[in-house]
Visitor: 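This is the structure, below, for whatever I ask next.
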2 protein chains.
Amino acid sequence: MSSLEHEVLAAVLQVRSRSLQVLLWQRARDPHAGRWSLPGGKLRHDEDVETSVRRQLAEKVDVRQLSHVEQLAVFSAPDRVPGPRVIATAFLGLVPSDNDPEVPADTRWFCVDALPPTAFDHGAIVLRARDRLRSKLSYTNLGFALAPPTFTISELRDIYSAALGYRVSATNLQRVLSRRGQLEPTGETAVSGPSGGRPAALFRFTCRDMQVTDAFAVLRPPSLRK
Amino acid sequence: MSSLEHEVLAAVLQVRSRSLQVLLWQRARDPHAGRWSLPGGKLRHDEDVETSVRRQLAEKVDVRQLSHVEQLAVFSAPDRVPGPRVIATAFLGLVPSDNDPEVPADTRWFCVDALPPTAFDHGAIVLRARDRLRSKLSYTNLGFALAPPTFTISELRDIYSAALGYRVSATNLQRVLSRRGQLEPTGETAVSGPSGGRPAALFRFTCRDMQVTDAFAVLRPPSLRK
DNA sequence: ACAAAAGTGTTTGAATTACACCCATGA
DNA sequence: TCATGGGTGTAATTCAAACACTTTTGT
């Protein structure tokens with residue numbers, strides 16, 4: 001019989017310097033020496049895939065502050081990597097923008113829209129992660145996973161703009177998230193900037209577990225209004 | 001080293017008798033003898049998971065008319081099945097409502113809202129498949145995968161109602177799908193029923209590959225209007 | 001006072017639901 | 001001509017984008 005391995009791979013995304021970035025690791029050895037790949041590794045016999053990906057990120061790249069982890073897809077083409085067959089479960093991982101995890105020397109953050117040459121099918125996985133995040137920002141409360149514990153609406157606007165890849169209006173962002181009950185004011189206010197301006201109120205997300213906040217776009221169940 | 005197997009499992013859904021049903025197979029042997037399980041089986045060394053699930057459905061339960069197949073998730077708990085470890089990739093499969101595939105004697109269709117005792121984690125997979133379908137009916141053209149090649153709006157309404165689990169209005173269904181360009185008239189009309197009534201126009205889906213038709217619910221990119 | 005940044009009020013527009021009404025057919 | 005669906009017109013509603021305007025601060 002032929003051998004079979006299972007690995008987990010994570011596209012860890014974070015908003016850094018006002019752009020959405022992914023953590024990649026440069027391969028030292030062939031195959032694909034010099035190319036950039038996703039952190040991850042072999043699945044152990046006593047752990048499920050999510051436990052595994054959290055463990056490996058903590059061990060290998062010191063990413064312990066994952067605010068959200070979710071499965072993306074299985075990549076299983078028989079020749080996706082040379083040598084013995086390896087099936088991969090790919091994950092999306094998110095880190096709040098106020099964290100700056102220690103990462104080893106051979107890893108770097110890259111803007112998801114300007115990836116370096118990637119190993120194997122890892123480039124496709126990054127794009128899949130990016131698209132998943134962008135979709136879910138629209139109909140879930142997933143913003144909590146990118147934002148610090150408390151923030152001003154302007155800061156949140158910058159985070160959403162970076163993640164979505166286009167300018168978002170602070171006004172409308174606040175209204176949409178408030179209407180859905182995602183935001184609550186802390187009561188505190190931030191200090192004004194050096195050039196003046198009204199001090200901004202601080203907010204936090206009401207919930208830090210992912211929830212669908214805008215389920216049915218159309219074909220809603222009949223309303224119960226009498 | 002410990003052995004590792006990979007299997008694929010499919011929740012095959014179809015609208016039958018105005019309800020959303022799933023194809024299950026009754027286990028003859030322990031473990032979980034008598035319980036109902038999802039069709040599927042071991043992954044071969046030369047095929048990817050989607051190829052495998054299509055092959056196994058064709059071989060084992062004679063389901064060849066799959067109109068749509070997509071990955072749901074990986075189930076990887078170390079003890080999810082007794083004995084040697086098996087990781088499963090679960091799929092959602094859809095069959096148009098006008099097909100009635102030949103299935104073996106030990107398989108039966110069950111309403112997804114009234115499942116029999118299921119084996120292992122298969123019950124959870126069925127519910128995941130049901131929820132995925134219901135979500136995607138709202139923001140993609142996935143209705144094509146449940147509908148016959150041509151249909152009246154009333155027939156389509158019955159299919160959507162069964163799949164979603166609540167009454168859908170034919171009027172609004174037609175308008176939503178038409179506005180999105182999913183439907184086109186064939187020019188033909190169906191014959192009137194035995195009790196009279198205006199003959200219904202026949203429609204078809206313009207596209208039979210899955211496409212997202214209603215991407216951003218909110219936080220849309222800024223409009224380009226001048 | 002003035003500039004700068006935050007926050008609110010209000011208009012506009014699009015999408016969807018709800019519902020009344022008209023149309024085509026069989027008996 | 002009437003019952004039985006099929007199909008269209010249209011109001012009401014909801015939600016979000018756009019933008020003008022007010023508020024609060026630093027200089």
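Letters go in sequence order (proteins before strands), and every chain restarts at 1.
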Visitor: Count the heavy atoms of every other residue, nucleotide or ligand shown that sit under 6.0 Å from CZ of B/Arg35, and state whether that count exceeds 12.
Guide: yes

Visitor: In whole angstroms, how far is the P atom of D/dT13 from the CG atom of B/Asn172?
Guide: 16 Å

Visitor: Once you round it to whole Å, what is the distance between P of D/dA17 and OH of A/Tyr166?
Guide: 9 Å

Visitor: The side chain of A/Arg175 is closest to which nucleotide in this list: D/dA17, D/dA18, C/dT17?
Guide: D/dA18

Visitor: Any chance the rings of B/Phe144 and B/Phe151 have centres within less than 6.0 Å?
Guide: no

Visitor: In whole Å, I'd like the distance from the CG atom of A/Asp158 to the P atom of C/dA5.
Guide: 12 Å

Visitor: For residues 194-205 of chain A, which residues have at least one heavy atom under 4.0 Å from DNA chain D?
Guide: A/Pro194, A/Gly196, A/Gly197, A/Arg198, A/Pro199

Visitor: Kindly point out which of D/dA17, C/dG26, C/dT16 is positioned nearest to the side chain of A/Val218?
Guide: C/dT16

Visitor: Which nucleotide in the set D/dT8, D/dA16, C/dT17 lies at the smallest distance from any side-chain heavy atom of B/Thr171?
Guide: D/dT8

Visitor: Mind calculating the distance between CD (B/Gln174) and P (D/dG5) to the nearest angstrom?
Guide: 18 Å

Visitor: So do the side chains of B/Ile153 and B/Leu183 get within less than 4.5 Å of each other, counting heavy atoms only?
Guide: yes

Visitor: To the side chain of B/Arg180, which of C/dT16, D/dT25, D/dC19 is closest?
Guide: C/dT16

Visitor: Closer to the 5' end of DNA chain D via nearest nucleotide, is it A/Gly193 or A/Asp214?
Guide: A/Asp214

Visitor: In whole angstrom, what separates A/Phe151's CZ from C/dA6's C1'?
Guide: 15 Å

Visitor: Please give, in whole Å, the distance from D/dT8 P to B/Ile153 CD1?
Guide: 9 Å

Visitor: Is it the case that over 12 heavy atoms from other parts of the model lie below 6.0 angstrom from the CZ atom of A/Arg134?
Guide: yes

Visitor: Heavy atoms under 4.0 Å, any strand shown: does A/Ser154 hit a base, just sugar-phosphate, or nothing?
Guide: sugar-phosphate

Visitor: Measure the CG-CG distance between B/Leu173 and B/Leu164 for me, rounded to the nearest 0.5 Å.
Guide: 9.0 Å

Visitor: Counting any heavy atom closer than 4.0 Å, what does A/Arg157 reach on the DNA or RNA strands: base, sugar-phosphate only, or nothing?
Guide: nothing

Visitor: To the nearest angstrom, how far is B/Arg167 atom CZ from C/dT17 atom P?
Guide: 16 Å

Visitor: Look up atom CD in A/Glu70 and atom CE in A/Met210, then write down how far apart they are to the nearest 0.5 Å.
Guide: 5.5 Å

Visitor: So how far is it from B/Thr150 OG1 to B/Leu202 CG, rounded to the nearest 0.5 Å?
Guide: 4.5 Å

Visitor: What is the distance from CG of A/Leu164 to P of D/dA17, rounded to the nearest Å?
Guide: 11 Å

